[in-house]
Amino acid sequence: MPELEDRLASLGGPEAGRPKEERAATGEFPELPGARHGAVVLRLAPFPNGALHIGHGRLLYVNDYYRQKYGGRILLVFDDTIGSEEKRAEPEFFDLIRGDCELAGVRPDAVFYKSDRVPLFYPWARRVIERGGAYVCTCAADLLRERRAAGAACPERSQTVEETLDGWDRMLGNAYGPGEAVLRLRTDLSDPDPAFRDRVLFRISHLEHPRVGRKYSVWPMLEFSWAVDDVELGVTHVLRGKELVIEDRMQRFIWDLLGVSGPPFLHWGLLRVREAKVAKSKANREVRSGLYDGWADPRTWSLRSLDRRGISLEALRTFILSFGMSLADIEVAAETLYAENRKRIDPVAVRRAFVAAPVRLEVDGYPFDLAEVDLPNHPDRPELGRRTVAAGPAFFLAHSDLADHAGGEVRLKDLVNVRLPVEVPPPGGVLRATFASRENRRLPRLQWVGVAGAVPVDLLGVDGDHAPGVAERSVRELDPGTIVQFERVGFARVERTWAPGSEPVRLAFGHP
RNA sequence: GCUCCCGUAGUCUAGUCCGGUCAAGGAUUCGGCGCCUUCGACGCCGUAACGCGGGUUCGAAUCCCGCCGGGAGCACCA
């Protein structure tokens with residue numbers, strides 16, 4: 001492999017251009033060590049087994065922040081090695097993830113697939129072996145694990161370079177089945193960190209890969225593939241979550257062994273959104289089973305589900321960048337994201353009336369001249385226009401509103417005051433109330449929808465529930481994708497999949 | 001258990017490297033008041049924090065030591 005030898009030589013020694021011990025400052029966003037404007041190359045490396053969610057948002061936006069800051073490039077590198085029986089790459093996610101990046105406004109400058117690059121890793125492995133840095137181990141997985149924990153060597157650890165090369169060739173020559181042999185890095189069995197002792201570099205798998213089928217049976221582990229690709233692809237800085245710190249050590253160990261230099265690493269801490277129970281495997285299962293409404297189901301907390309709910313991904317960007325590069329593990333309430341989104345959509349979302357779980361309210365003595373009323377589309381923005389809505393004498397009101405105020409006097413918002421009876425029927429029932437007065441008094445204000453103009457609405461909730469309700473007629477004229485505010489309920493977005501004019505009008509709830 | 005990381009108000013964050021201008025700033029939440037005919041917006045007001053204990057120093061959120069607490073890794077996953 002003389003070519004590789006030359007390439008390695010040209011890449012410089014371990015100290016060449018390697019910055020001092022880098023560490024994410026607790027400050028906002030530290031300078032990237034050694035970065036030159038226009039010469040920064042970053043990478044996103046998702047595994048294609050699900051849609052991108054809020055956690056990936058940090059990956060996208062932090063990398064994009066630095067791309068903009070330094071005029072750099074972002075590579076999207078699908079980390080689609082063979083995975084495992086439980087964690088497999090799946091074909092539909094390649095395009096889906098690219099779409100998610102677009103949606104998030106983080107367009108990669110180039111796209112690569114690890115599965116195209118497998119043959120590239122083999123000569124590097126051979127070089128590591130020749131330097132005495134690895135050995136072929138045929139221990140069973142659990143035995144290997146036990147010995148690692150105990151700091152005990154397996155008999156094969158002492159094999160010579162020639163023996164290892166021979167074993168490696170037999171691995172490549174399909175002499176072993178899955179689980180029968182691995183190539184292990186020779187680190188130090190007394191390393192204080194048990195996780196770092198002789199980690200596996202390559203293993204054998206006969207699983208079918210969605211892109212390359214069964215073309216390869218010897219697959220690299222993540223750390224080795226990145227030790228190669230961060231160099232081969234010219235990545236200048238690796239920004240990733242701190243759960244991957246041990247991979248830094250692995251990569252550096254391999255680079256030092258081969259006498260090449262690689263990029264510095266920067267990390268951020270764990271980010272949890274309290275309401276988002278991010279269980280990708282569960283989401284995967286429920287999407288597949290049909291329980292979830294695809295990858296835009298609100299319960300997945302995927303980027304596309306946020307978009308569906310009318311949560312601007314620019315609001316998500318601001319939200320995520322507000323955490324800086326802190327290494328602290330944080331848990332934040334979704335409300336903080338909602339507050340950020342509200343700033344953006346409140347000024348532009350038109351107001352509409354919606355009533356969930358409606359009860360029909362007939363008002364005795366209702367004034368004849370108030371069959372319809374004219375209302376502004378936005379209380380503070382007259383330029384957004386007005387609309388006319390049908391009013392009484394028959395209305396729909398939310399069952400919960402009526403129950404809260406049974407027996408009292410209330411004001412139908414923007415309309416008149418009525419006196420409610422003590423007994424409230426369940427949703428779908430009918431109730432008689434009496435007209436009280438017209439003047440605007442300080443009474444509890446209830447939202448209403450005039451029966452004459454009511455259209456049925458299906459409102460998708462954050463828990464995936466479908467709340468049936470009614471809304472004023474003008475919601476039927478909304479374009480798919482429009483974000484509205486249902487007064488006293490919250491913001492919602494007209495589903496893009498809704499066929500205009502059809503009933504019920506379908507929307508997805510965003511947040512209060 | 002071992003390794004690494006992190007501890008500033010309910011939550012997130014600025015400040016910590018290079019000690020004084022920090023009787024600790026911002027955002028969000030919560031409470032109150034005002035206002036627009038929304039539980040939404042806006043305005044005003046308010047509650048609320050340097051994990052604990054030692055040390056160094058004229059002076060410590062900031063430096064040192066020891067505890068305590070939280071998280072992650074310890075896969076032939078990524």
Side-chain angles (χ1 to χ4, degrees), chain A residues 23-28 30 45-49 78-89 114 137-142 144-145 148-149 151 176 178-184 191-197 199-205 218-219 221-223 225-226 240-249 267-272 274 280-281 318-319 322-324 326-333 335-340 342-343 345-347 349 351 353 375-376 378-381 401 411-415 440-447 485-491 511-512:
Chain A
R23 169 173 176 274
T26 50
E28 288 226 273
F47 187 72
N49 71 335
F78 283 106
D79 227 335
D80 64 329
T81 53
I82 197 64
S84 64
E85 203 71 67
E86 312 83 63
K87 187 167 183 176
R88 308 190 58 163
K114 271 280 164 64
C137 173
T138 57
C139 294
D142 49 350
L144 187 157
R145 212 172 300 132
R148 171 149 54 211
Y176 298 104
E180 290 177 2
V182 293
L183 185 71
R184 293 176 74 180
D191 191 284
D193 184 355
F196 194 67
R197 296 170 190 160
R199 286 176 72 103
V200 171
L201 261 22
F202 284 83
R203 86 293 195 175
I204 293 166
S205 173
V218 178
W219 287 88
M221 303 298 288
L222 171 140
E223 301 91 331
S225 74
W226 277 114
R240 60 186 176 194
K242 74 173 187 185
E243 67 277 13
L244 260 21
V245 283
I246 198 168
E247 280 71 15
D248 299 10
R249 258 192 96 188
H267 299 265
W268 51 80
L270 246 70
L271 166 63
R272 255 190 287 266
R274 213 186 317 285
K280 204 168 168 186
S281 56
T318 305
F319 169 75
S322 75
F323 306 129
S326 164
L327 281 165
D329 302 314
I330 57 180
E331 179 172 288
V332 64
E335 175 56 38
T336 309
L337 170 61
Y338 298 159
E340 186 59 44
R342 216 176 275 128
K343 287 177 195 161
I345 63 176
D346 184 78
R351 270 50 175 180
L375 296 173
H378 193 290
D380 310 316
R381 308 259 326 262
D401 273 351
R411 181 163 180 83
L412 301 183
K413 188 172 173 297
D414 305 306
L415 203 60
N440 181 14
R441 289 168 45 210
R442 289 200 85 71
L443 292 169
R445 297 197 164 94
L446 303 190
Q447 192 56 259
Q485 188 202 60
F486 285 147
E487 289 189 286
R488 295 185 63 251
V489 176
F491 296 94
H511 54 82

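In what follows, every chain begins at residue 1, and chains take the letters A, B, ... in the order their sequences are listed.
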(message) Between B/G51 and B/C36, how many Å separate the two P atoms, rounded to a whole number?
(response) 45 Å

(request) Quick one: label A/Ala149 by what it contacts on the DNA or RNA (base, sugar-phosphate, nothing), any heavy atom closer than 4.0 Å. (result) nothing

(request) Kindly write out the residues that satisfy side chain to side chain donor-acceptor pair (under 3.5 Å) with A/Glu180, not counting sequence neighbours, or none if the list is empty. (result) none

(request) Return the set of residues passing salt bridge (charged side-chain N to carboxylate O under 4.0 Å, His left out) with A/Asp79 (not counting sequence neighbours), or none when no residue passes. (result) A/Lys114

(message) Can you list everything that forms a ring-ring contact (aromatic ring centres under 6.0 Å, His included) with A/Phe196? Sequence neighbours excluded, please.
(response) A/Phe253

(message) Applying side chain to side chain donor-acceptor pair (under 3.5 Å), can you list everything that pairs with A/Arg249, at least two apart in sequence or on another chain?
(response) A/Asp191

(request) Not counting sequence neighbours, which residues clear ring-ring contact (aromatic ring centres under 6.0 Å, His included) with A/Phe47? List them please. (result) none

List every contact pair, protein side and nucleotides 61-68 of chain B side both N or O, where the distance is under 3.5 Å.
none

(request) Pick the P atom in B/C35 and in B/G71, then give their distance to the nearest Å. (result) 47 Å

Protein N or O to nucleotides 1-3 of chain B N or O, pairs below 3.5 Å:
| from | atom 1 | to | atom 2 | distance (Å) |
| --- | --- | --- | --- | --- |
| B/C2 | O2' | A/Pro192 | O | 2.5 |
| B/U3 | O2' | A/Asp193 | OD2 | 3.3 |

(request) Quick one, give me the B/S/- string for nucleotides 27-32 of chain B, reading 5' to 3', where B means a protein heavy atom under 4.0 Å from the base and S means that only happens at the primed atoms, P, OP1 or OP2. (result) SSS---

(request) Output all residues satisfying side chain to side chain donor-acceptor pair (under 3.5 Å) with A/Arg411, sequence neighbours left out; order by chain, then residue number. (result) A/Asn417, A/Asn440

(message) Does B/U13 have its OP1 or OP2 closer than 4.0 Å to a side-chain nitrogen or oxygen of A/Ser326?
(response) yes

(message) Among residues at least two apart in sequence or on other chains, which ones pass ring-ring contact (aromatic ring centres under 6.0 Å, His included) with A/His378?
(response) none

(message) Could you work out, with side chain to side chain donor-acceptor pair (under 3.5 Å) as the rule, every residue matching A/Glu487, not counting sequence neighbours?
(response) A/Lys413

(request) For A/Phe202, check ring-ring contact (aromatic ring centres under 6.0 Å, His included) against everything at least two apart and list the hits. (result) A/Trp168, A/Phe224

